[in-house]
Amino acid sequence: MNQKYSNPIVPVVLSGGSGTRLWPQSRVTQPKQFVQLIGERSLFDLTVERLREISSEAPIVVTNEAHRFLAAEELRKNDCEAEAIILEASARNTAPAIALAALCALESNPEALLLVAPSDHLIKDSAAFRQSIMNGYETACNDHIVTFGVEPAYAEPGYGYIKTSSQSNKQSFAFSIDEFTEKPSADIAQSYVDSGNYFWNSGIFLMKAKVLLDELKRLSPEIHECCDNAWQDRQMDGLFTRVSKPAFFACPSDSIDYAVMEKTKQAKLVKLLSDWSDLGSWDSVYRASPKDDQGNAKNESDAFFIESNNNYVRADKKLVTILGCDNLVVVDSGDALLISQMSKTQQVKDVVSTLRTNKRDEVNNHARVYRPWGDYEGVDSGSRYQVKRIVVKPGEKLSLQLHHHRAEHWTVVKGTAIVTKGDEEILLGENQSTYIPLGEVHRLENPGKIPLELIEVQSGSYLGEDDIIRLEDKYGRRKDDKPIPQEASVLKMPQNR
C-alpha cells in the first residue's frame with residue numbers, strides 16, 4: 001500500500017515508445033505499451049497500477065500527441081486522474097520528456113521526487129518493486145539521481161548495461177556508477193554477466209525534480225532551455241497539456257543517460273529486487289509467457305503443437321498448428337503474419353524498415369482501429385468501395401464532418417443510433433439503415449446504454465481517411481490534427497475519424 005513521504009513521490013509515466021520489434025502486434029498508431037501482450041491488461045495499465053501502489057500522488061503522463069486518447073482511455077479504465085497528460089509535439093527521447101515532467105511537478109511542490117517509469121515494461125512482483133523504490137528513497141532525498149539496475153539473468157545484447165564499483169554504503173543500498181554501455185555485442189554482454197559488476201539498465205529513476213533540472217541545465221543546457229520555453233508557453237486542451245511546438249521542435253533528441261547520467265556526479269544505482277523485462281522483442285515475450293511441458297507458449301490463441309518444442313504463437317482469429325518445428329515465433333494479427341526463428345526476433349525492426357521503405361501501411365495501422373468514441377475495423381475492399389464494422393461506445397459520438405469524394409451507407413446491427421444529416425436528425429434501430437450523400441454534413445452518435453454496432457459501406461473516387469473535413473469534435477481534436485499517411489486500402493486506414 002502507498003504511504004506518506006516527507007518528500008512526496010510523483011509517478012511519471014513515459015509513453016513515447018514505438019515498439020517496432022514487436023510488429024505486427026505493435027504499430028505506429030498502437031505501440032506496445034497499449035497492447036495486451038501478457039494477460040488481459042496493457043503494459044501501460046499495469047504500470048499505472050504499479051506506481052499507484054507506491055504513491056497516492058496523481059501521476060504525470062508524457063506521451064506522443066498521436067496516442068493521447070489511448071493514454072486517456074487507459075487512465076479512465078484504471079479510475080486514475082492524472083496531474084497532467086503532457087503531449088510531445090514530436091519524439092525527442094527520454095531527456096526532454098523527463099524534463100517536462102520535472103517542470104510540471106516543480107510547480108506543485110519544490111521538494112517533489114519523480115519516480116520515472118517507462119510504460120512498456122513488465123514487472124510481475126509488485127511487492128519487490130515497492131521495496132526497491134523504498135531502498136532508493138533516502139538516497140534520492142539526499143540529492144542523488146537514483147537509477148535502478150537489474151541483476152542480469154543472461155547475456156542480452158539488446159539491453160543497456162551499467163557497471164558499478166563496490167557498494168559504497170550498505171545502509172543506503174546505493175552503488176557508485178563507473179560507466180554506462182548501450183547494447184553491447186553478444187560476446188561483450190556475456191563478459192559483463194560473467195564479471196558480476198554489471199546491471200541491466202532498467203530505465204527507471206527516482207530523483208528530486210529540482211536536482212534533475214539543475215543537472216540538466218548544467219550538463220545539457222540546450223535541452224533545458226528548449227523544454228523550459230516549451231513548458232512556459234503551454235496550452236491546455238481539455239485533458240491534455242500541449243507544450244509549445246516551435247520550442248519543442250528545436251529541442252535536441254537525447255536520452256536521459258546521454259544527457260545527464262553519464263556526465264553527472266550525482267548518479268547512484270540501487271538494485272531492482274523484482275523481476276523485470278522491457279518486452280523489447282518476441283523472444284522476451286516468449287520468456288515471460290507460461291509454457292507447456294515442451295516449452296511452447298501461446299497467448300489466448302487456438303494453437304496446437306505436435307512434435308514441436310520451444311515455440312511461441314500469437315494469433316487473434318486463426319487456428320494455428322505447429323508440426324515438427326522448434327524455436328519459432330508465429331504472430332498473426334489478422335492483416336499481417338510474422339514467422340521468425342526465435343534467435344532472429346531482434347531483427348524484426350529490419351522488417352519494419354523494409355515495409356516502411358515499400359510504403360506498406362501495415363507499419364502504421366491495424367485493421368482494427370481504436371478511437372476515443374469506440375473502434376472501427378476494415379472488413380472488405382475493392383475498386384471504389386470499402387466496408388467497415390464500426391462500434392460506438394454508449395454516450396459517445398463521432399465528429400460532425402463531411403467528405404468530398406465518397407458517400408456512405410450505414411446499417412445498424414446492434415443498439416440505437418442518432419444520425420445527423422444536414423439539418424435533419426433521425427433515430428435508427430437494429431436492421432435500419434440510412435444513406436449519407438457525398439458532401440453531406442453528418443454525424444453518428446450512440447444515445448443508448450449498450451455499444452452501437454453498424455456496418456458502413458463507402459463508395460466513391462477516393463476512400464482515404466484524410467478525406468474528412470471535421471467541423472466539430474467533442475474530443476478536442478483540432479482541425480490541424482493530421483492523419484497518418486496511407487496507401488489507399490480499406491484494411492490500412494489512418495486514425496483521424
Tell me, do [X] and [Y] make a side-chain contact under 4.5 Å, heavy atoms counted?
X: Asp228; Y: Gln232; result: yes
X: Ile188; Y: Tyr161; result: no
X: Val116; Y: Met207; result: yes
X: Asp125; Y: Gln131; result: no
X: Ser220; Y: Tyr258; result: no
X: Leu87; Y: Val243; result: no
X: Leu115; Y: Ile204; result: yes
X: Val331; Y: Trp23; result: no

- Item | Validation row, ring centre Tyr370 to ring centre Phe34 under 6.0 Å | no
Using 4.0 Å as the upper bound for N to carboxylate O, is an ion pair formed by [Y] and [X]?
X: Lys317; Y: Glu377; result: yes
X: Glu111; Y: Lys210; result: yes
X: Glu53; Y: Arg50; result: no
X: Glu215; Y: Lys263; result: no
X: Asp120; Y: Lys32; result: yes
X: Arg287; Y: Asp283; result: yes

- Item | Steps toward side-chain contact (heavy atoms from CB on, under 4.5 Å) verdict (Leu22, Val348) | CA-CA 7 Å; Leu22 289 182; Val348 170; over 6 Å; no
Quiz question: by atom type and distance under 3.5 Å, do the side chains of [X] and [Y] form a donor-acceptor pair?
X: Asn309; Y: Asp326; value: yes
X: Asn93; Y: Asp254; value: no
X: Asp194; Y: Gln190; value: yes
X: Gln341; Y: Gln347; value: no

Determine whether a donor-acceptor pair (N or O, by modelled atom type, separation under 3.5 Å) exists between the side chain of [X] and the backbone of [Y].
X: Glu81; Y: Ala58; answer: no
X: Arg52; Y: Asn78; answer: yes
X: Lys245; Y: Ser90; answer: no
X: His67; Y: Val28; answer: yes

Gap separating the [atom1] atom of [X] from the [atom2] atom of [Y], nearest 0.5 angstrom:
X: Trp276; Y: Ile123; atom1: CH2; atom2: CD1; result: 8.5 Å
X: Leu14; Y: Ile98; atom1: CG; atom2: CD1; result: 5.0 Å
X: Thr241; Y: Gln235; atom1: OG1; atom2: CD; result: 11.0 Å
X: Thr29; Y: Arg371; atom1: OG1; atom2: CZ; result: 8.5 Å
X: Glu88; Y: Cys251; atom1: CD; atom2: SG; result: 9.5 Å
X: Leu122; Y: Thr47; atom1: CG; atom2: OG1; result: 9.0 Å

- How are the rings of Tyr198 and Tyr192 set to each other: parallel, tilted or perpendicular (split at 30° and 60°)? parallel
- If you draw the axis of the six-membered ring of Phe173, does the NZ or CZ of Lys268 fall within 45° of it and under 6.0 Å from the ring centre? no
- Item | Steps toward side-chain contact (heavy atoms from CB on, under 4.5 Å) verdict (Ile38, Leu279) | CA-CA 10 Å; Ile38 305 290; Leu279 294 185; 4.2 Å; yes
For a quick test of reading the model, state the closest non-hydrogen atom pair linking [X] to [Y] and the distance between them.
X: Asp335; Y: Glu362; result: OD2-CG, 4.0 Å
X: Ala95; Y: Ala259; result: CB-CB, 3.8 Å
X: Ala209; Y: Ala105; result: CB-CB, 4.5 Å

- Task: Decide side-chain contact (heavy atoms from CB on, under 4.5 Å) for Phe180 and Ile162; before the verdict, give the C-alpha distance in whole Å, the side-chain angles of both, and the deciding distance to 0.1 Å.
- Result: CA-CA 5 Å; Phe180 289 78; Ile162 304 174; 3.6 Å; yes
- Just jot down the ring pair (Phe, Tyr, Trp, His ring centres under 6.0 Å) partners of Tyr312, sequence neighbours excluded, or say none. Trp282
- Could you please spell out the steps behind the side-chain contact (heavy atoms from CB on, under 4.5 Å) verdict for Val146 and Tyr137? CA-CA 9 Å; Val146 175; Tyr137 178 76; over 6 Å; no
